[in-house]
Novice: 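Have a look at this one.
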Amino acid sequence: QPSKFQEYDFLQFLDLEKAPSPRRFQPVPRILRKIFQAREAAAAGGVSQDFCYVKELGVRGNLLRLLPDQGFFLNTQNPSRDGSCLQKYLYFNLSAIKEKGTLTMARLTLDLGPRSYYNLGPEVEVALSVAEGPGVWGRSLPKPGRRLALQSVPGPQGPLHFNLQDVVKDWNGNRLKNLGLYLEILAKGDRHSGVNFQVENTCDRLLRSLRASLLVVTLNPDHCPSSSRKRR
Amino acid sequence: AAIPVPKGSCRNPCHRHQLFINFRDLGWHKWIIAPKGFMANYCHGDCPFSMTTYLNSSNYAFMQALMHAVDPKVPKAVCIPTKLSPISMLYQDNDETVILRHYEDMVVDECGC
């Protein structure tokens, strides 16, 4: 058993103030598991690797974080006539990103649920905005601010990815700016028949299966010298 | 005037000693998802003059061993890692964030003088 003193040193080395004590293990995101296993296989095969480049994502970086969404649904009423299914406030706690380094990727993933459900479902439109207003800490509910992305999918086919590098860089520069995101999803059924069964069905499933996460990749210059030359 | 090679081979030549740290022994398996531990190998052993002429030793070690043989006040050549490899760690922090982090030069693969 290491002494507390040694443990502290080792945790410092890992850039951790103290040993985390998570209440429950999050499921390991597929992308991280895939990268980890590829690295382990290459190391076992004695293949030399550049640990400062994440080839699965095509970016440089030596630290990948997958932050879970800590927001909440704003309303879950039955779809309105314009097919609006749900509005959700998304919030990612960036305060954990303490170490110095360059942010090389910030990718929002919206997992709209398993493919099989929606083969014949109505088209779905996803509108993503920066949230405005006092946000989750104030009394009034957040409202949609600047639009970041609007994407239609012919019935959600698995995860949707949105590049939020500029937004997250901005938030990283000034944590007070991080008021979260405003997500609205519409199911576009047949206009003439109003809100039909399929739209309600799609909305109901979206409410149950929607998962949002933010993948952040940072590059620490101390651990990853800019030139590819090995340190002497 | 070649230095006579000492009688008998070196008893404890410089080499890699394997040491596996199991995170469960440290109680860290509660937040480190993978790997289950890591190879904290280390280098230890003597670097007499006779050894510095082979075993992936540096020219510098050869010269230092030569100088030590002539003047024992000059310290012997030392046993150090000559090949290192990185590791990745998959762990979870207190914010339920899953983190994959790579650490360069963490595992000793080879040692030399």
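Throughout, protein chains are lettered first and strands after them, A, B, ... in sequence-line order, and every chain is numbered starting at 1. The analysis underlying the following values was restricted to heavy atoms, covering all of them including side chains, and did not include hydrogens, waters or symmetry mates.
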Novice: Distance from Asp50(A) atom CG to His102(B) atom NE2, nearest 0.5 Å?
Specialist: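 It comes to 9.5 Å.
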
Novice: Got a second to check how far Gln70(A)'s CD is from Thr97(B)'s OG1, nearest 0.5 Å?
Specialist: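 So the gap between those two atoms works out to 7.0 Å.
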
Novice: Ignoring hydrogens and angles, tell me if any N or O in the side chain of Asn62(A) forms a donor-acceptor pair with the backbone of Tyr103(B) under 3.5 Å.
Specialist: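 Judged by distance alone, no pair lies under 3.5 Å.
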
Novice: Going from CG on Asp93(B) to CG on Leu67(A), what distance comes out if it is rounded to the nearest 0.5 angstrom?
Specialist: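 Result: 8.0 Å between the selected atoms.
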
Novice: Which pair of non-hydrogen atoms, one from Cys52(A) and one from Glu104(B), has the smallest distance, and what is that distance?
Specialist: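 For Cys52(A) and Glu104(B), the tightest heavy-atom pair comes out as SG-OE2, 4.3 Å.
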
Novice: Tell me whether the count of non-hydrogen atoms from other residues, nucleotides or ligands lying under 6.0 Å of CG in Asp71(B) goes above 12.
Specialist: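 Enclosed.
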
Novice: What are the two closest heavy atoms between Ile35(A) and Leu100(B), and how far apart are they?
Specialist: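 Closest approach of Ile35(A) to Leu100(B), heavy atoms only: CG2-CD2, 3.6 Å.
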
Novice: Does OH belonging to Tyr60(B) count more than 12 external heavy atoms closer than 6.0 Å?
Specialist: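 12 or below, so no.
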
Novice: Calculate, to the nearest 0.5 Å, the distance between atoms CZ and CD1 belonging to Phe36(A) and Ile33(B) respectively.
Specialist: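 If I round to the nearest 0.5 Å, the distance is 9.5 Å.
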
Novice: Roughly how far, to the nearest 0.5 Å, is the CG atom of Asp69(A) from the CD atom of Glu96(B)?
Specialist: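 Going from the CD atom of Glu96(B) to the CG atom of Asp69(A) covers 11.5 Å.
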
Novice: Examine whether an atom of Ser88(B) lies under 4.5 Å from a heavy atom of chain A, and if so say whether it belongs to the side chain, the backbone or both; otherwise answer neither.
Specialist: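 Ser88(B) touches chain A through backbone and side-chain heavy atoms alike.
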
Novice: To the nearest 0.5 Å, how far apart are CZ in Arg39(A) and CE in Met89(B)?
Specialist: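 That separation rounds to 15.0 Å.
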
Novice: Heavy-atom pairs under 4.5 Å with chain B are the metric here; pick the option from Ser213(A), Pro20(A), Ala19(A), Pro29(A) that has the most.
Specialist: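 Top count of heavy-atom pairs under 4.5 Å with chain B: Pro20(A).
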
Novice: Applying the side chain to side chain contact (heavy atoms under 4.5 Å, CB included) test to Arg65(A), which of Val98(B), Asp95(B), Ile99(B) qualifies?
Specialist: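 Exactly one option meets the side chain to side chain contact (heavy atoms under 4.5 Å, CB included) with Arg65(A), and it is Ile99(B).
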
Novice: For residues Lys30(B) and Pro22(A), report the shortest heavy-atom separation together with the two atoms involved.
Specialist: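 Nearest heavy atoms, Lys30(B) then Pro22(A): O-CG, 3.7 Å.
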
